[in-house]
Protein chains: 2
Amino acid sequence: MNVKKIIIPPVRREDVPAALASLGIAVTAQRVEIGAILLESMQHLSAEQVQARLEADGASASKATVYNTLGLFARKGLVRELVIDGSRVFYDSNPSDHFHFYNVDDGTLFDFPSSPVTLSNLPTPPEGTKLDKVDVVVRVTTK
Amino acid sequence: MNVKKIIIPPVRREDVPAALASLGIAVTAQRVEIGAILLESMQHLSAEQVQARLEADGASASKATVYNTLGLFARKGLVRELVIDGSRVFYDSNPSDHFHFYNVDDGTLFDFPSSPVTLSNLPTPPEGTKLDKVDVVVRVTTK
DNA sequence: GCGTCAATTTAGACTCTGTCTAGACTGAAC
DNA sequence: GTTCAGTCTAGACAGAGTCTAAATTGACGC
């Protein structure tokens with residue numbers, strides 16, 4: 001059981017409602033707006049950036065709705081939460097397993113190029129726990 | 001140049017001033033207190049936990065001093081900043097290269113057991129940047 | 001000992017991200 | 001058209017961390 005449906009950007013705006021529904025997310029106007037922004041391409045956006053894009057697009061949603069919706073999307077597997085710098089969370093619409101470069105100096109975030117990084121000899125999780133996900137972040141500084 | 005001095009816990013309280021000085025950190029009463037707490041053993045503490053320990057030890061320092069001192073210690077290489085869960089930063093006094101398990105459900109943080117995890121095929125950092133550090137966090141949930 | 005000066009510490013105001021609450025809105029079912 | 005659960009909203013609130021301006025410390029030269 002549990003064949004995870006995966007949504008791969010770019011998704012056209014008119015296909016967003018179906019994409020949400022396919023993950024069991026009830027479709028509402030605000031969710032479609034936010035989904036359309038995230039799924040336009042593979043990207044990393046913070047809640048604040050999502051809200052700015054909403055306004056730029058002439059739409060809007062309250063702060064609580066933006067946060068609730070992003071949290072819901074993450075739980076449903078539409079996007080991935082990235083904890084990178086302690087001051088805010090990013091939401092990543094690239095569904096593939098991949099890792100990140102983070103430029104500490106200017107706050108920019110890049111995907112690793114597709115070279116096949118491998119983690120070997122990963123220890124088994126502590127007694128009583130099970131693996132959720134593995135995050136690899138390579139911090140870089142501007143030379 | 002730049003042979004990095006490394007301080008390995010446990011460090012006895014009376015040896016803390018020399019340890020700080022050896023990293024070019026000016027010795028003050030507050031820094032010795034905070035250093036003694038962190039270096040008592042290899043551990044991960046948040047700023048809040050450090051301040052609680054200070055009070056428990058009958059010492060004290062203002063919030064600003066705790067934050068400034070922890071930031072200074074991290075820049076000087078005495079401890080490592082760990083960004084784990086977006087709501088606070090941990091400071092790790094284990095100087096060896098190692099990775100972490102984070103239990104999402106209860107917020108506990110463990111070091112990987114010493115099994116030699118290896119990351120291979122790490123891509124080179126983007127043009128104009130150089131590698132700072134690599135963080136690997138394995139998120140687990142309570143079964 | 002005494003003044004000077006830079007570094008450090010302090011309290012508390014402030015900022016920012018994110019959460020909570022209570023009420024309003026929506027739309028499907030009957 | 002009433003009901004009801006789910007959703008959305010504004011705005012209050014919470015917690016981590018930063019900033020500011022003043023006070024304290026302690027090293028140094030006299």
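First the proteins, then the strands, lettered A, B, ... as listed; each starts at 1.
Taking only side-chain nitrogens and oxygens, B/Q30 never comes nearer than 4.0 Å to OP1 or OP2 of D/dT25.
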Under 3.5 Å, N/O pairs linking protein and nucleotides 4-6 of chain D:
none

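Taking 4.5 Å as the limit, some side-chain heavy atom of B/L72 sits within range of a side-chain heavy atom of B/K76. In this structure, the side chains of B/V32 and B/L20 come closer than 4.5 Å at one or more pairs of heavy atoms. Two residues are said to be in side-chain contact when any heavy atoms from C-beta on lie closer than 4.5 Å; A/P113 and A/F101 meet this criterion. Side-chain atoms of B/L131 and B/P125, non-hydrogen and from C-beta on, do get closer than 4.5 Å to each other. Side-chain contact between B/D111 and B/H44: present, with at least one pair of heavy atoms (C-beta onward) separated by less than 4.5 Å. Between B/D135 and A/V136, the closest side-chain pair of non-hydrogen atoms is not below 4.5 Å. Two residues are said to be in side-chain contact when any heavy atoms from C-beta on lie closer than 4.5 Å; B/T141 and B/N103 fail this criterion.
Ion pair A/R13/A/D57 not flagged as a salt bridge, since none of the NZ, NE, NH1 or NH2 atoms sits closer than 4.0 Å to an Asp/Glu carboxylate oxygen.
Atoms CD1 (A/I34) and P (D/dT7) sit 13 Å apart, rounded to a whole Å. Put simply, CG on A/D85 is 15 Å from C1' on D/dT18, counting in whole angstrom units. Here the P atom of nucleotide C/dT19 and the CD atom of A/Q51 are 14 Å apart, to the nearest Å. Across the protein-nucleic acid pair, B/E33 atom CD and C/dT8 atom P stand 18 Å apart, rounded to whole Å.
Side-chain contact check for B/D92 and B/H98: at least one donor-acceptor pair (N or O, by modelled atom type) lies under 3.5 Å. For the residue pair B/S120 and A/T118, a side-chain donor N or O sits within less than 3.5 Å of a side-chain acceptor on the partner.
Residues of residues 58-83 of chain B having a heavy atom closer than 4.0 Å to DNA chain D, listed by number: B/K63, B/A64, B/Y67. Contact check of residues 86-93 of chain B against DNA chain D (heavy atom, cut-off under 4.0 Å) returns B/S87, B/R88, B/V89.
Between A/A29 and B/A47, the residue anchored nearer the 5' end of DNA chain D, judged by the nucleotide with its closest heavy atom, is A/A29.
None of A/P95, A/S22, A/S93 except one satisfies the side-chain contact (heavy atoms from CB on, under 4.5 Å) rule with A/I7; the exception is A/S22.
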